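What follows is a short report on a single structure.
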Amino acid sequence: MSEIITIVAVLRAAPGAAEQVAAILAEAVEPSRAEAGCRGYVLHHDRSDASRFVFVEQWAGMEAIEAHRQAPHYQAMGKALAGLIAEREVMLLDAKA
């Protein structure tokens with residue numbers, strides 16, 4: 001039985017940085033989807049708040065998440081976002097039904 005973990009990450013761009021943040025986040029999508037443990041990786045942009053972005057991700061387990069966090073594209077995304085994110089909330093979720 002696989003241990004699929006869903007991550008919901010909510011990021012709010014700093015004032016005036018939404019377009020730059022959108023471009024940086026979009027660059028991480030395809031390489032993340034190509035990772036062995038990735039079961040789903042979708043970037044969303046909030047229609048009611050142009051500064052809010054939401055990743056909904058599914059991973060094969062904690063090992064896959066840790067590998068993702070060490071991946072060069074993830075590390076590059078983090079560096080590129082430095083100073084551009086006003087708020088960040090990350091939830092690791094287990095399905096119950």
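Side chains are part of it too, since the values below use all heavy atoms of this structure and drop only hydrogens, waters and symmetry mates. One is the number of the first residue; the rest follow in order along the sequence. Everything numeric here is computed off the predicted structure, so don't read it as measured data.
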List, by chain and number, the other hydrophobic cluster members for Leu43, where Ile, Leu, Val, Met, Phe, Trp and Tyr join if side-chain heavy atoms come within less than 4.5 Å, directly or indirectly. Ile5, Ile7, Leu11, Val21, Ile24, Leu25, Val29, Tyr41, Phe53, Phe55, Trp59, Met62, Ile65, Tyr74, Met77, Leu81, Leu84, Ile85, Val90, Leu92

Applying side chain to side chain donor-acceptor pair (under 3.5 Å), can you list everything that pairs with Arg47, at least two apart in sequence or on another chain? none

State which residues pass salt bridge (Lys or Arg N to Asp or Glu O under 4.0 Å) with Arg52; sequence neighbours excluded, sorted by chain then number. Asp46

Is the number of heavy atoms from other residues, nucleotides or ligands within 6.0 Å of CD (Gln75) greater than 12? yes

In chain order, what residues pass the side-chain contact (heavy atoms from CB on, under 4.5 Å) check against His73, with sequence neighbours excluded? Pro31, Ser32, Glu35, His68, Ala71

Partners meeting salt bridge (Lys or Arg N to Asp or Glu O under 4.0 Å) with Glu87 (sequence neighbours left out): Arg12

Measuring from atom OG1 of Thr6 to atom CD of Gln58, what distance do you get when rounded to the nearest 0.5 angstrom? 4.0 Å

Testing the basics here: between Gly83 and Ala14, what is the closest heavy-atom pair and its distance to 0.1 Å? O-CB, 4.2 Å

Hey, does His44 have a side-chain heavy atom less than 4.5 Å from the side chain of Val56? yes

Qualifying residues under side chain to side chain donor-acceptor pair (under 3.5 Å), relative to Glu19, sequence neighbours excluded: none

For the residue pair Ala50 and Ala18, what are the closest heavy atoms and their distance? O-CB, 3.5 Å

